[in-house]
Structures are given as C-alpha cells and as structure tokens.
Amino acid sequence: FITVSGNSLNTDREILLNLKSFLENQNRVNRGRYSGWNRWTSNPCEWHGIMCSPDMERVTGINLSDSKISGEMFNNFSALTQLHHLDFSRNTLKGLIPDDLNRCHNLVYLNLSHNILGGELKLTGLTRLEKLDLSTNRFHGEVKFSFPAICNRLVVANLSMNNFIGRIDTFFDGCLNLMYLDLSSNKFTGNIWTGFSRLVEFAVSENRVSGLIPASSFSDNCNLKGLDLSVNMFHGEVPREISNCKKLVMLNLWGNKFSGPIPSELGSISTLEGLLLGNNEFSRVIPESLLYLSNLAVLDLSYNNFGGRLQEIFGRFRQLKSLVLQGNSYIDGLSSSGIHKLKNISRLDLSYNNFSGHLPAEFSEMVGLKFLILAYNQFTGPIPPQYGDLSQLQALDLSFNRLIWSIPPSVGNLRSLLWLMLANNSLTGEIPGELGNCSSLLWLNLANNQLSGRFPPELANIGRNPTLTFESNRRSNAMIAGPSDCWVTKRLLTMDYSPFRFIYTILTRKICKNVWDQLLQGYGFFQVCVKGSPVRKYRVSGYLQLSGNQLTGEVPSDIGKMQHFSVLHLSYNQFNGELPVEIGNLPLVVLNISWNKFSGQIPREIGNLNCLQNLDLSHNNFSGIFPTNLNCLNELSKFNISFNPQIAGQIPNIGQLATFEEESYLGNPLLHSRLFKLQDPTVPPLNSGKQALPGEEGSEDGFWWKALLMEYGCGMAFGMVMLCICVVKVQPKWVVNNVEGLHQLKAVRPWKKN
C-alpha cells in the first residue's frame with residue numbers, strides 16, 4: 001500500500017482511493033456504493049459512507065456496513081490519523097484483523113460484526129475505544145489479550161456469537177465505564193464475573209459458565225436493567241439479594257440447574273417485564289408476590305417438572321401477555337384452572353405436558369390471543385368451534401393429541417391465522433372448504449389423521465394475501481423472546497426443505513429471535529423461485545402438508561394459484577386421476593405425491609420447476625413416456641419415481657437424473673438405463689449365493705461401473721470430452737430409499753438439559 005505523508009484532507013483522500021482500489025480488486029462483481037467514490041466529486045466528505053470533521057478538513061469515519069464486501073481487511077487504516085469511527089459490519093470479511101488496526105489510536109467506535117473474521121483478539125492499541133461490536137464472527141482464544149487493556153473508556157462491548165474460551169471472572173474489573181457487555185454464544189467457562197451488577201445490561205447466555213451465583217454479586221447500588229444467564233451450568237438457589245436490582249426489566253435464568261424456591265423477593269422489583277425461569281429445578285410453589293408485578297408481561301416456567309394439576313395461581317396473572325408452561329408433566333384438564341380468565345394474554349404455550357380431557361371452549365374468551373400452542377398432550381374430543389371467534393389468532397397448534405371428529409368450518413373465520421397445525425390426531429371427515437377464507441394461512445399441517453373426501457378447490461385460496469397480518473405485526477412491539485420460543489419456531493417450520501433445516505442446525509437464541517421476527521413481519525428469509533424462474537427472491541414461503549390421510553379424488557387445477565407455497569406434501573393418500581399441469585406454475589422446492597393412485601402422464605410442466613430439490617412421484621399409476629425434461633432440474637438432490645410400472649422410456653445417461661441410483665427407478669420394467677440394469681424387485685436373483693455388488697466381479701452391470709471408473713482414471717483428455725458433452729449442471733447424488741408403510745412425522749422434541 002502507498003503511504004502518503006502529511007495530515008490533510010488530500011492525504012486522507014488518497015488513502016480512501018487506495019481503499020477503494022483494494023476493495024474493487026477483491027470484489028470484482030456485486031460492488032457496493034464505495035465504487036462511486038471520486039466519480040462525481042473529488043471531495044471525500046461527499047462520498048458515500050464517509051464522515052468528516054466539522055471543519056471538513058479531515059476524514060473521521062467510514063461506514064461501509066452491508067456493502068457486499070468480501071475478502072480480507074484493508075491493511076492501512078492507521079494512515080487515516082483522525083479516524084474515530086469504523087463500521088464494516090454485515091459483510092463477508094474473512095481472515096485476521098490486521099495489526100495495522102491496532103495503530104488507529106483515535107478510534108472510538110469499531111463495528112466488525114456479522115462477518116467471518118477469525119483468529120485471536122489482540123486490540124491492545126485501541127485505548128480510546130468506547131464501543132466495540134465483534135459479534136457473529138469466528139474469533140477464538142481468550143479475551144485476556146484485549147481486556148482489560150482497552151477498558152479505559154469502553155462503554156459497550158459485544159463479543160457474542162464467536163468461539164471465545166477461558167474464564168471471564170477477572171478481565172472486566174478495570175472496565176469502570178462499561179455499561180453493556182454481551183458475551184453470549186461462546187465457549188466461556190469458569191465462574192461468573194461478580195462485578196456485573198454495576199452494568200446496565202449483562203448477557204453471558206449459551207456458554208459453559210458454572211458454579212453458584214454469589215449473593216454479593218447483587219450490590220445495593222445495582223444498576224441492571226437486563227440480566228441474561230441462560231443456558232449455562234449454574235446451580236444452587238437464586239440469591240434473594242437479586243431484589244437489590246430495582247431497575248431490572250428482564251431476568252433470564254432459563255436452562256441452568258437452579259433449584260429451591262423461586263425467590264418471593266422478585267415481587268418487589270416493580271419494573272420487571274420478563275421473567276424466564278424455565279428448564280431448571282425450581283419447586284412448584286409460585287410466590288404470590290409475583291401477582292403484584294403490574295408490568296410483568298412474559299412468564300416462562302417451562303421444563304421445571306412441576307407435575308400434578310396446573311397451579312391455580314396462573315389464572316390470576318391478569319397482567320400477563322405471554323405464559324409458557326411447556327414440558328412440566330402436568331396432568332388432568334384445564335377447565336378448573338381459571339387460565340382462560342387471562343384477558344390480556346396473547347401467547348399461551350402449554351405443549352409437551354400430559355393434559356387430558358376436552359379442549360376448553362372458554363379459551364375463546366381470551367380475545368387477544370395470537371398464539372395458542374397445545375401440542376403434545378392427551379386432549380380428546382372435538383376442536384371447539386368457538387375457536388373460530390379468536391379473530392387475532394395467528395398460530396393454532398393442536399398437533400399430537402387425540403382429537404376426533406371433523407375440523408370445524410368456523411376455523412375459516414380466522415383471517416389472521418398464519419399457522420394451523422393439526423397433525424397426528426384422529427380427525428375425520430372432509431377438509432372444510434371454509435379454510436380457503438384464511439387468507440393469511442401459509443403453514444398448514446393436517447398430516448396423519450383420518451381425513452377423507454376430496455381436495456376442496458377452495459383450499460387453494462389459503463395464504464393468498466397475508467399482507468394485512470404482516471403489516472399489523474410490523475406495527476406492534478416485539479415481545480421478549482426466550483429459548484422456549486425457539487422450540488416453537490423449530491416445530492412450526494419443520495419440513496423436508498433445507499432452508500428450514502438451516503434454522504436449527506446453527507440455532508442460537510439471537511438467530512432464533514431474528515428468524516421469528518422476520519417470519520411474523522413477512523420479510524424475506526427463504527430463497528425461493530418465482531413461478532419456476534431461475535431468478536431467486538427472498539420471501540416468506542409456505543407449506544401444505546396433507547400426507548397420511550384418506551383423501552380421494554383428483555387434485556383440482558386451482559392448485560396453480562398457491563403462489564406463496566414452496567412445499568407440497570400429498571403422500572400416503574388415495575388421490576387419483578391426472579396430476580394437474582398447473583402444478584408447474586408453483587415456486588416449489590419440495591413436491592411429494594408418493595403412495596397415491598395418480599395416473600396418466602407425468603406433466604412435462606414439472607420440468608419447469610427450476611428450484612425443485614425434492615421430487616417423489618413413487619408408488620402411483622403414472623404411464624406414458626418418461627419426461628426427460630426432468631433432467632433440466634439442476635437443483636434436484638432427492639428423486640424417486642419407483643413403482644410406476646407403466647412408465648416407459650430411457651433414463652438419461654448424463655445430467656442430473658444420471659446421478660441417482662437404481663433405487664430411484666425400481667419397479668418400472670419398461671424403463672431402461674445404460675448405467676444400471678433395472679430389475680423387478682419382486683423376482684429373486686437366480687443365484688442363491690452372495691450377490692455381487694455393482695462393479696464387483698460377477699455383477700451383470702459391472703461393465704458400466706468399470707466404464708465409469710475408467711472415465712475417472714483415463715486422464716484429463718477423456719474427462720474434457722465428457723465435460724463438453726455434459727452441458728447440464730450436475731448436483732451430488734442422493735440415494736432415495738423406498739419406505740414401506742405409513743410415514744410418520746417425527747416430533748421435534750425440545751432439548752432438556754441434564
């Protein structure tokens with residue numbers, strides 16, 4: 001890099017042009033607005049993202065957050081000698097923080113969050129720093145290399161969602177001006193730092209910190225407004241001295257091994273709005289003093305093994321907006337609990353218990369209810385038709401119970417409903433056409449019941465206009481989210497679709513809250529195709545799950561109107577007739593219609609679903625010529641067309657369909673392949689000895705396997721010829737097994753800490 005001597009705006013301009021050139025060399029496409037620097041004006045103070053001193057004589061700040069920047073960090077920021085503010089957050093910067101940054105001695109604000117930076121943290125030269133945000137990166141090692149060296153003026157430090165290790169109990173004692181410290185989602189160990197009560201907010205959730213919480217931690221002059229110790233290994237009783245924190249708004253102790261009584265002294269903290277005590281070992285006595293917390297909006301006492309009947313006191317928490325009691329092994333019914341008297345409640349989660357009896361019709365009196373989660377219990381009887389009066393309801397989850405009779409048509413009155421989860425019950429009768437009036441309904445799961453009758457054409461109208469619900473959620477204040485809500489998010493989004501799996505393979509509470517908020521507000525999170533186009537858009541996409549029922553008749557052509565749905569499961573039913581060609585108009589990623597009685601030709605329009613990843617047409621009565629245009633489905637990773645014995649034709653030798661094994665084509669004697677010989681699985685092999693595997697001596701299809709192996713072993717010349725022939729992009733193969741019997745949805749059970 002060119003180092004320019006002197007201290008003036010012109011020298012700063014040269015450094016910025018050097019930075020521009022560096023960024024453009026690393027990012028040759030999709031460049032941010034920095035590419036416009038010096039294009040329309042030579043004054044750097046007028047360039048995008050550049051801040052200058054009041055006299056416009058020096059550059060003092062750079063903000064290139066969310067600017068599509070990748071690659072390593074610039075290595076000459078120290079040449080900007082008056083740099084106070086540096087923000088490169090929400091990019092994809094990688095590698096180490098260069099030593100040069102340590103020489104930016106005037107830096108007050110540093111934000112490098114949401115990148116993929118790594119290495120050990122060594123920022124000892126930034127002694128004037130007031131705000132530091134390094135969250136959501138890949139930093140590792142201990143924090144002792146930077147703390148307390150940079151503590152002198154530090155007010156805010158966010159190190160969350162990294163891979164830091166080691167102890168935290170001594171390194172922040174010298175940070176006398178520190179007010180906000182977030183160490184969550186790392187790998188810290190040892191005991192708690194006892195000086196946290198002088199902060200305004202302290203979070204150390206999702207680590208491995210252990211031991212008792214000393215009573216001395218809660219000093220008489222406690223300033224805490226937010227304390228998050230969730231998902232660690234703390235044990236013992238919660239000190240009564242916590243009542244010294246008179247300004248406390250949110251207390252999150254979820255997911256530890258706290259035991260003993262819930263401190264009644266918590267009732268003296270009048271500012272408390274969120275109390276999350278779930279997944280611990282507290283005694284089942286709920287202090288009466290908590291009833292007097294007039295600001296308490298969220299109460300989470302999930303997974304405390306309370307057992308027995310639901311405590312009567314919960315019916316008197318009239319101030320609550322959210323009550324979470326999942327996973328407590330409660331028994332018997334709910335009608336006598338008085339819980340239906342909570343008129344202000346908007347979220348009620350009683351899932352994963354052993355409640356029995358009929359669903360209380362009185363829940364319809366909770367007129368502000370938005371989320372009613374009663375899944376995984378033993379409720380019996382019908383779904384009360386009065387639930388159709390809950391006009392603000394957005395999620396109704398009654399799955400995995402013992403409910404009977406039909407789905408009440410009154411559910412169609414729920415215009416704000418986003419989720420309807422009734423899977424794994426014993427519901428009978430037809431799917432009411434009135435469900436088509438649920439204009440916001442994007443996630444519908446009726447799987448594994450005994451529903452019969454046809455696919456009502458009106459059902460294709462669900463989810464046609466969720467905008468009003470999304471806009472309402474954007475206007476409302478977000479509620480405090482706890483770890484229990486993450487389990488709800490995972491369960492409501494569990495489907496055979498990789499973006500859904502992504503949510504909980506790397507789930508932290510912060511990611512979970514972000515996903516949940518985006519879904520409720522209708523902002524794009526999942527990348528989907530639009531009408532089969534290869535162009536992607538980010539938007540909320542829904543699913544329709546009807547598998548494992550007794551549905552009959554033809555699928556109506558109206559299904560082509562379901563433009564907000566990317567997952568369609570109709571398997572294990574008795575649908576018949578031809579599959580409507582309009583299905584090719586949908587932005588599908590998953591299409592599973594296996595184990596039905598569909599007949600006629602496979603619509604060629606399915607070959608237009610360019611984002612399709614999972615296609616299962618197996619165990620039907622399709623006939624005609626095998627549609628080779630399915631070979632154009634380059635995203636396809638799961639494919640099964642087995643046991644459609646009237647399908648004829650040639651399986652392509654190259655391209656996407658050639659990547660799938662014989663199991664994807666079994667039971668189709670009229671299909672032919674040069675890659676393997678399709679055999680009738682009902683006919684035993686001629687020899688009674690050990691059957692040779694493909695490619696072994698004695699196997700009939702060994703020739704083709706040897707030929708394929710030769711292709712990889714005969715050198716680049718032959719390989720280049722094959723690349724020229726195979727112009728279709730090929731994705732990795734996925735062996736699809738044929739599953740006998742009714743496929744049962746697997747429950748996503750919440751994790752219980754031992």
Side-chain angles (χ1 to χ4, degrees), residues 196-197 199-203 205 213 215 217-230 234 237-256 258-304 306 310-326 328 337-350 366 368-371 476-485:
F196 62 80
S197 66
L199 306 179
V200 175
E201 291 184 12
F202 176 60
S205 64
I213 306 296
S217 299
F218 302 101
S219 60
D220 293 338
N221 58 346
C222 175
N223 288 316
L224 281 172
K225 292 185 178 179
L227 177 60
D228 188 351
L229 307 181
S230 62
F234 297 115
E237 295 190 5
V238 176
R240 302 177 184 277
E241 287 78 4
I242 195 172
S243 60
N244 291 334
C245 301
K246 300 299 184 183
K247 302 175 184 178
L248 198 61
V249 175
M250 194 279 291
L251 175 61
N252 189 351
L253 305 180
W254 200 97
N256 285 282
F258 289 115
S259 58
I262 298 172
S264 59
E265 288 80 1
L266 289 172
S268 66
I269 308 176
S270 60
T271 55
L272 203 59
E273 296 180 11
L275 183 57
L276 285 70
L277 304 179
N279 207 354
N280 282 288
E281 300 170 6
F282 289 112
S283 61
R284 77 186 309 271
V285 177
I286 311 301
E288 293 271 337
S289 61
L290 300 184
L291 293 172
Y292 304 107
L293 295 174
S294 58
N295 292 308
L296 189 64
V298 177
L299 179 60
D300 185 341
L301 289 168
S302 59
Y303 295 100
N304 274 283
F306 287 153
L310 186 65
Q311 296 98 314
E312 174 271 338
I313 191 173
F314 289 118
R316 294 189 281 147
F317 278 97
R318 307 296 171 84
Q319 73 275 40
L320 285 182
K321 295 182 180 179
S322 175
L323 177 61
V324 181
L325 297 174
Q326 65 173 246
N328 272 303
S337 67
I339 203 169
H340 64 278
K341 299 177 183 178
L342 304 181
K343 304 299 183 183
N344 293 318
I345 204 82
S346 65
R347 180 172 56 190
L348 178 62
D349 188 348
L350 304 178
M366 305 162 78
L369 202 59
K370 291 185 177 181
F371 303 93
S476 61
N477 294 325
M479 195 174 294
I480 296 172
S484 296
D485 301 298

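What you see below is based on every heavy atom in this structure, not just the backbone, and it leaves out hydrogens, waters and symmetry mates.
Asn304 places a side-chain N or O within donor-acceptor distance of the main-chain N or O of Phe282, the cut-off being under 3.5 Å. Put simply, the side chain of Asn244 gets close to the backbone of Phe218: a donor and an acceptor are under 3.5 Å apart. Although no hydrogens or angles enter the test, the distance criterion places no donor-acceptor pair under 3.5 Å between the side chain of Ser243 and the main chain of Ser268. Checked by atom type and distance alone, the side chain of Arg347 never pairs as donor or acceptor with a backbone atom of Ser322 at under 3.5 Å. Formation of a donor-acceptor pair under 3.5 Å by the Asn295 side chain with backbone atoms of Ser270 is found in this model. Counting only distance, with no hydrogens or angles, the side chain of Gln319 and the backbone of Leu293 share a donor-acceptor pair below 3.5 Å. Not one N or O on the side chain of Asp300 forms a donor-acceptor pair closer than 3.5 Å with the backbone of Asn252. Side-chain atoms of Asn256 come within 3.5 Å of backbone N or O of Leu229 as a donor-acceptor pair. For the pair Asn344 (side chain) and Arg318 (backbone), a donor-acceptor distance under 3.5 Å is present.
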| said: Between Ile345 and Leu369, does the side chain to side chain contact (heavy atoms under 4.5 Å, CB included) criterion hold? Intermediate values first, please. | reply: CA-CA 6 Å; Ile345 204 82; Leu369 202 59; 3.6 Å; yes
| For Leu276 and Val298, what are the C-alpha separation, side-chain angles and deciding distance, and is it a side chain to side chain contact (heavy atoms under 4.5 Å, CB included)? | CA-CA 8 Å; Leu276 285 70; Val298 177; 4.2 Å; yes
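Among residues two or more places apart in sequence or in another chain, the side-chain hydrogen bond (donor to acceptor under 3.5 Å, both in side chains) test is passed with Ser289 by none. Legend: residues meeting salt bridge (charged side-chain N to carboxylate O under 4.0 Å, His left out) with Lys247, ordered by chain and number and at least two apart, are absent. Listed by chain and number, the residues in a salt bridge (charged side-chain N to carboxylate O under 4.0 Å, His left out) with Arg240 are Glu265 (sequence neighbours excluded). For Glu237, the salt bridge (charged side-chain N to carboxylate O under 4.0 Å, His left out) test picks out no residue, with sequence neighbours left out. Partners of Val285 under the side-chain contact (heavy atoms from CB on, under 4.5 Å) rule, at least two apart in sequence or in another chain, do not exist in this structure. For Gln311, the side-chain hydrogen bond (donor to acceptor under 3.5 Å, both in side chains) partners at least two apart in sequence or on another chain are Tyr330.
Note that CE of Met250 is 9.5 Å distant from CG of Leu272, once rounded to the nearest 0.5 Å. Rounding to the nearest 0.5 Å places CD1 of Ile286 at 5.0 Å from CG of Leu301. Atom CD of Glu201 and atom CG of Leu199 lie 9.5 Å apart (nearest 0.5 Å). Here CG of Leu277 is found 11.5 Å from OG of Ser230. Values are rounded to the nearest 0.5 Å. Rounding to the nearest 0.5 angstrom, the gap separating the CG atom in Leu253 from the OG atom in Ser205 is 11.5 Å. Rounded to the nearest 0.5 Å, atoms OG (Ser219) and CZ (Phe196) are 9.0 Å apart.
Contact check for Leu323 versus Phe314: side-chain heavy atoms found under the 4.5 Å cut-off. With a 4.5 Å cut-off on side-chain heavy atoms, Asn328 and Leu350 do not count as touching. Here the side chains of Leu325 and Asp349 are not in contact, with every heavy-atom distance at 4.5 Å or above. Residues Leu266 and Leu290 have side chains in contact (heavy-atom distance under 4.5 Å, counting atoms from C-beta outward). Between Leu310 and Ile339 there is a side-chain heavy-atom pair separated by less than 4.5 Å. Leu275 places a side-chain heavy atom less than 4.5 Å from the side chain of Leu296.
Considering every non-hydrogen atom in both Leu348 and Met366, the closest pair reads CD2-CE, 4.0 Å. For the pair Pro263 and Val238, the tightest heavy-atom approach, listed with the atom from each and the gap, is CG-O, 3.6 Å. Minimum interatomic distance between Ile313 and Phe317 (heavy atoms only, all atoms of both residues): O-CD1, 3.5 Å. Ile213 approaches Pro239 most closely through the heavy-atom pair O-CG, 3.1 Å. In plain terms, the two heavy atoms of Phe258 and Asn280 that are nearest each other are N-OD1, 3.0 Å.
Heavy atoms from other residues, nucleotides or ligands lying under 6.0 Å from NZ of Lys246 number more than 12.
Judged purely by distance below 3.5 Å, without hydrogens or angles, the side chains of Ser302 and Trp254 pair a donor atom with an acceptor atom. With 3.5 Å as the limit, one finds no donor-acceptor pair spanning the side chains of Ser217 and Ser197.
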